[in-house]
Amino acid sequence: MSRLRERGRSGKRRSALWTGTLLILAIGVALLVYLWPDRGPLAVAPSPSPTPTPTPTPVPRVAQEFKMTGLDKGWIRYSDGVNGAGVKGVVLESTQDGGATWTPTSDTALAAEPTPAPDALEPFWLPPADKAIASLTFEGKEQKVRQAQFLTARIGWALTEERAKLDRPLLVTADGGTTWSATVTPDVTKAVQDELAHRAAIRREAALYSSPDAAKTALGKGWQLFPETTYPGDAVLVRYDGPGTVAWEGVTYKLQPYESGYFTYLPMPMSVKPGPYYIGDKTLTVKAKKFDTQYLVVTEQMEAMKQDTARIAADQKKIDLARSKSAPEFLFTSEFMKPIEGRLTTPYGYTRYVNNKYDSSHLAVDLAAPTGTPIHATNDGVVVLAEMLYLTGNAIYLDHGMGLFSQYAHMSELKVKVGDRVKKGDVIGLVGTTGFSTGPHLHFTFWMHNVQANPDLFFNSMPFRWALK
Ligand SMILES: [Zn+2]
């Protein structure tokens, strides 16, 4: 019993000691924690309800400037803010697709883009300096314009004060600024494509002139006459920037579209009177020209050939049919060449007497050469007639488009057939003396809307270069 009591007493004493030690320890820890300079992870001090991770207030980026460097290329520079997608620090974006999409880029990347080769015609087709506009109407509201850039009279871009902080700040117009859109609409895309096609057409047409300077003089300048001074028996090429017609010597010629212009040839009949004529807003000067006379002596049998009017009329029908249609485009892209290097026996326009009787004006050149000499196509074209005719013998007509034909006569042999496409210089026949002919030669001329035109105008040249050599 006593042992038990004793144990009980000594147990009480031990637990009191234990409690004391714990108390001192607790106070020590509390003191330590209280005095700990840093209040580190041990802190158990009461704290207010936990605060969420602080999110910085988005600073909207602000479009500061832009530049369209082409119809489909450009860039926008922003202040260094946070864009709508939470991306910070995008300061430069560029487009390669006419503003449909914009992607982050850098000055270094922009500078590394290949610079297109300088184009001699570029200044010609770039529109006049940017149209300055102070405000524009968008979604029914007037907006103050910070910066605007017109690439053509129709296509323009603008940055307004109201839109500068938006993720897509630029507005675009395809109608010269009447209506503006925040997205690239099908109308804008079409306007850009039309403009690119127009520029390509200008480039192709410009290649037909003697030099880029000559093209600059002719293109986009209203009515143009190539040349402005002409002679009976010659021809003129008329160019205008739009559709229209030209009334000339009793015939109305419709201007035909080709590349960036509208064209017609005007033949100068031998009967045209010298003097000034008005074509569009240009003056065409026709000067007098003296043509020599040639006396030809032929056998009676040959002379009689011209009396078979029925055969002559039947041939004329074929010729008229062949020349009734012409390709609606210029089929050549370079100068015309002489079909043979022959000896000129009858120049163009000679008044010809056969056996002392007036016959006709010889509206062709006669080039004498040995039988069998190859005859070359004067330029690219399509064979519209190739057959033996009564007066002209073996004859060929080539269509060079837009109403221009070349004619070759008296050949010993035809080397092409109707429908063949020929290239300049191709051999189309051989020199001969078939039909109404006194010896081997090539009778060669041009026809324009069914009127003859002097071949001398064409050799080593072409209608686009007549005024601009
Ligand atoms: Zn002849």
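Along the sequence shown, residues are numbered consecutively beginning with 1. Start at 1 and go down the list; that is how both ligands and their atoms are numbered.
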Open item on the list: Which residues pass the salt bridge (charged side-chain N to carboxylate O under 4.0 Å, His left out) test with R146, not counting sequence neighbours?
Closed with: E161
Task: Stepwise side chain to side chain contact (heavy atoms under 4.5 Å, CB included) check, T371 with L430 - done: CA-CA 7 Å; T371 299; L430 306 177; over 6 Å; no
Open item on the list: Just to verify, which of W75, Y78, W102 counts as forming a side chain to side chain donor-acceptor pair (under 3.5 Å) with E93?
Closed with: Y78
TODO: Report yes or no: does H410 have an N/O/S atom closer than 2.8 Å to the Zn ion (ligand 1)?
DONE: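 So H410 does not count as coordinating the Zn ion (ligand 1).
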- [ ] Report yes or no: does H443 have an N/O/S atom closer than 2.8 Å to the Zn ion (ligand 1)?
- [x] yes
Open item on the list: If I take the Zn ion (ligand 1) as the centre, what angle separates the NE2 atom of H362 from the OD2 atom of D366? Nearest 10 degrees is fine.
Closed with: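 Between NE2 of H362 and OD2 of D366, at the Zn ion (ligand 1), the angle is about 80°.
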Task: Qualifying ring-ring contact (aromatic ring centres under 6.0 Å, His included) pairs, either residue in residues 307-335, two or more places apart - done: Y258-F330, F263-F330, Y265-F330, F330-F332, F330-F464, F332-F336
